[in-house]
Amino acid sequence: MPCDSPVIIWFRRDLRLGDHAALSYAAATERPVVPVFIHDEVVGALGAAPKFRLGLGLSEFSRKLKDIGSRLILRRGDALGALRNLIAETGAGTVVWQRAYDPRSVARDRTLKPALESAGVEVHVFPGHVLFEPWTVRTQSGGPYNVFTPFWRAVRNLDPGSSFPSVTRLRPCEAWPSSDPLDSWKMDFAMQRGRAVVARHAVVGEAAALNRLERFMNDGIEGYGSQRDVPGVDGTSRMSEHLAVGEISARTVWSALKAAQEIGCGAEDFLRELVWREFAWHLLFHAPHMADSNWKPAWSNFPWNEDESAAEVLAWQRGRTGIEFVDAAMRELMVTGYMHNRARMVVASYLTKHLMTHWRIGLRWFENHLIDWDPASNALGWQWSAGSGPDAAPYFRILNPERQLARFDADRVYVRKWIAEGQSSPPRTALEYFDAIPKSWEMTADTPYPQPIVPVGEGRARALKAYSEMRS
Ligand SMILES: Cc1cc2nc3c(=O)[nH]c(=O)nc-3n(C[C@H](O)[C@H](O)[C@H](O)COP(=O)(O)OP(=O)(O)OC[C@H]3O[C@@H](n4cnc5c(N)ncnc54)[C@H](O)[C@@H]3O)c2cc1C
């Protein structure tokens with residue numbers, strides 16, 4: 001390539017300067033670098049909250065690139081067309097990016113790379129947002145792992161390699177190509193009233209991610225094993241919102257954990273959770289149908305409710321089931337765009353078992369409301385909870401949300417934090433819920449709290465009956 005022909009770096013869900021293989025490569029060429037983000041059909045298909053959070057991430061990342069003398073070019077349209085235009089406008093001879101593993105991105109990239117190459121453009125693709133490329137972790141018989149524990153044993157002592165140092169300078173273009181204003185993309189549009197509320201709780205950017213990790217490694221990691229299931233305390237790392245848009249790499253988190261392990265800090269539990277994320281991505285890569293179809297085909301015979309407008313589904317979505325753990329969790333989601341892992345398990349179990357509603361309805365709700373939405377972990381989480389997934393919880397083990405509450409929120413800290421009804425002076429968090437939800441729901445803090453729409457014992461018995469009929 002001519003020594004002055006620019007290198008285009010196409011950012012996708014990897015909005016950071018540190019541990020970025022493609023960016024490090026581009027910087028090392030010492031040629032002008034054109035950073036671009038493309039609002040293509042993959043971005044267009046994002047749910048409301050993930051798209052909103054991505055918009056916040058892009059805004060912060062643009063600032064970061066300016067700090068190192070560069071700028072983020074924003075383009076809208078199909079990715080191949082956008083890249084071809086940029087190549088024509090800048091004279092770039094090389095395009096680089098980091099791999100994505102979700103079915104939509106894989107399909108897009110599969111045609112895009114050869115199309116660029118056949119036009120004489122040099123393309124370099126680097127490993128993406130997993131620790132290990134999905135085709136490199138294999139069982140003895142050569143296939144991918146479908147069960148977590150052997151997968152965990154296979155990867156826990158592998159080495160994902162060293163992190164790339166943070167890029168501190170990018171050679172700018174002599175004449176920058178035009179860029180869409182980020183505002184014109186209206187990434188927050190579908191959030192409606194929720195945008196202002198959720199924005200207060202989002203923590204955005206690479207520096208914030210690294211700060212959070214450092215704080216957690218100093219103060220949180222030792223208690224993680226005992227605190228991670230308690231939704232009323234700040235006992236988990238909150239890395240998910242950053243990992244979802246790549247403000248931190250999984251390898252950076254892994255390296256911090258490995259260092260903690262060496263000094264005996266009990267980071268094993270945390271490492272295991274990070275490997276659940278990895279497991280989910282490997283599964284999704286090898287079996288993309290997991291995102292919307294039962295992993296175990298027998299489950300297509302289960303009599304799920306598939307009506308999204310059913311009264312029980314609306315009550316679940318609105319935090320009005322009368323089951324406190326479920327309602328607190330659904331409100332946490334509306335206010336913060338996040339839900340504690342134990343709470344995710346409880347609401348997923350209640351929807352799919354007590355309410356016998358198809359897991360896809362819950363999956364779509366999360367896909368629209370989580371700022372840490374991750375297609376792989378979400379699909380695995382839902383199918384695991386429903387019983388239809390790989391290595392799933394056995395169906396007959398139905399989480400009892402009342403017992404879960406007594407066990408994990410014995411002091412009712414979580415319930416009080418999120419449910420205003422019945423409290424004489426509810427905390428700000430519980431009241432914020434009424435600012436976040438659509439006005440059409442017609443809910444206020446004075447509305448009486450409902451009785452259970454489906455009592456726990458009744459729902460459990462109904463689900464078990466349907467399950468045993470399916471099996472027979
Ligand atoms: C029904 C359901 C849906 C879910 N949907 C998502 C989703 O869309 N996005 C998402 O990131 N996670 C999802 N999870 C997994 C988990 O709830 C979140 O990763 C976790 O709550 C994030 O909080 P944290 O970063 O504080 O986690 P920590 O406990 O601090 O864990 C550290 C990291 O490990 C990973 N991790 C932890 N638990 C899991 C898990 N059970 N499965 C996969 N990875 C895990 C995450 O990357 C997390 O950031 C889902 C779980 C369930 C049961």
Side-chain angles (χ1 to χ4, degrees), residues 13 15 46-61 63 182 186-216 219-220 227-228 230-248 253 317-319 325-344 346-347 365-374 377-378 381 409 413-420 423 426-439 441 443 445:
R13 293 178 78 77
L15 307 181
L46 288 174
K51 193 184 278 185
F52 161 72
R53 178 60 178 81
L54 177 61
L56 297 179
L58 284 171
S59 169
E60 174 60 23
F61 189 54
R63 273 194 288 278
L182 181 56
K186 299 197 183 331
M187 301 286 275
D188 62 355
F189 179 73
M191 288 292 283
Q192 302 173 25
R193 299 174 78 218
R195 70 169 72 82
V197 178
V198 178
R200 289 202 283 273
H201 296 270
V203 175
V204 181
E206 182 177 8
L210 292 169
N211 258 334
R212 259 183 164 173
L213 180 64
E214 192 186 338
R215 234 181 321 128
F216 183 72
D219 304 333
Q227 300 288 287
R228 61 175 290 265
V230 183
V233 303
D234 200 7
T236 65
S237 71
R238 301 296 290 262
M239 280 298 108
S240 56
E241 111 169 76
H242 306 292
L243 287 165
V245 287
E247 289 168 347
I248 196 165
V253 182
Q317 292 172 341
R318 295 173 184 190
F325 203 159
V326 173
D327 294 342
M330 298 305 286
R331 294 172 188 218
E332 178 185 26
L333 176 64
M334 290 305 282
V335 172
T336 64
Y338 173 84
M339 188 191 288
H340 189 276
N341 181 58
R342 173 61 45 184
R344 293 185 207 211
V346 168
V347 304
W365 190 256
F366 273 25
E367 181 170 339
N368 217 21
H369 291 87
L370 279 173
I371 57 173
D372 69 4
W373 176 69
D374 166 309
S377 298
N378 197 33
D409 191 38
V413 175
Y414 187 63
V415 163
R416 277 203 305 270
K417 185 170 180 186
W418 297 112
I419 301 183
Q423 295 197 58
R428 191 175 64 98
T429 43
L431 292 173
E432 276 183 295
Y433 176 67
F434 302 97
D435 297 332
I437 58 176
K439 281 193 170 145
W441 291 7
M443 280 171 65

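All values below come from the heavy atoms of this structure, side chains included, with hydrogens, waters and symmetry mates left out.
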Indicate the atoms forming the closest heavy-atom contact of [X] with [Y], along with that distance.
X      : Y      : value
Arg13  : Leu46  : NH1-CD1, 3.8 Å
Val346 : Val326 : CG1-CG2, 4.1 Å
Glu367 : Asn378 : N-ND2, 4.0 Å
Val347 : Ala329 : CG1-CB, 3.5 Å
Trp441 : Gln317 : CH2-O, 4.1 Å
Gly205 : Arg53  : N-NH2, 4.1 Å

**Report entry** Worked verdict on Glu247 versus Val204 for side-chain contact (heavy atoms from CB on, under 4.5 Å)
**Finding:** CA-CA 8 Å; Glu247 289 168 347; Val204 181; 3.8 Å; yes
How long is the gap from [atom1] on [X] to [atom2] on [Y], to the nearest 0.5 Å?
X      : Y      : atom1 : atom2 : value
Leu243 : Ser237 : CG    : OG    : 7.5 Å
His369 : Thr336 : NE2   : OG1   : 11.5 Å
Met330 : Trp418 : CE    : CH2   : 13.5 Å

Query raised in the report: Near Asp234 CG, under 6.0 Å, is it more than 12 heavy atoms from other residues, nucleotides or ligands?
Result: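 No - once you tally the heavy atoms of other residues, nucleotides and ligands closer than 6.0 Å, there are 12 at most.
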Query raised in the report: Does the ring of Tyr338 carry Arg344 above it, NZ/CZ under 6.0 angstrom from centre and within 45° of its axis?
Result: yes
**Report entry** Within 45° cone and under 6.0 Å: Arg238 NZ/CZ vs Phe216 ring
**Finding:** no
Query raised in the report: Between Tyr414 and Phe325, how do the two ring planes meet: parallel, tilted or perpendicular, split at 30° and 60°?
Result: perpendicular
Donor-acceptor contact below 3.5 Å, side chain [X] vs main chain [Y]:
X      : Y      : value
Arg193 : Ile437 : yes
Glu332 : His340 : yes
Asp188 : Met191 : no

Report task. Any chance you could lay out the side-chain hydrogen bond (donor to acceptor under 3.5 Å, both in side chains) test for Glu432 and His201, step after step, and finish with the verdict? Result -> CA-CA 11 Å; Glu432 276 183 295; His201 296 270; 3.1 Å; yes
Report task. Answer whether the closest heavy-atom distance between the side chains of Arg215 and Arg212 falls below 4.5 Å. Result -> yes
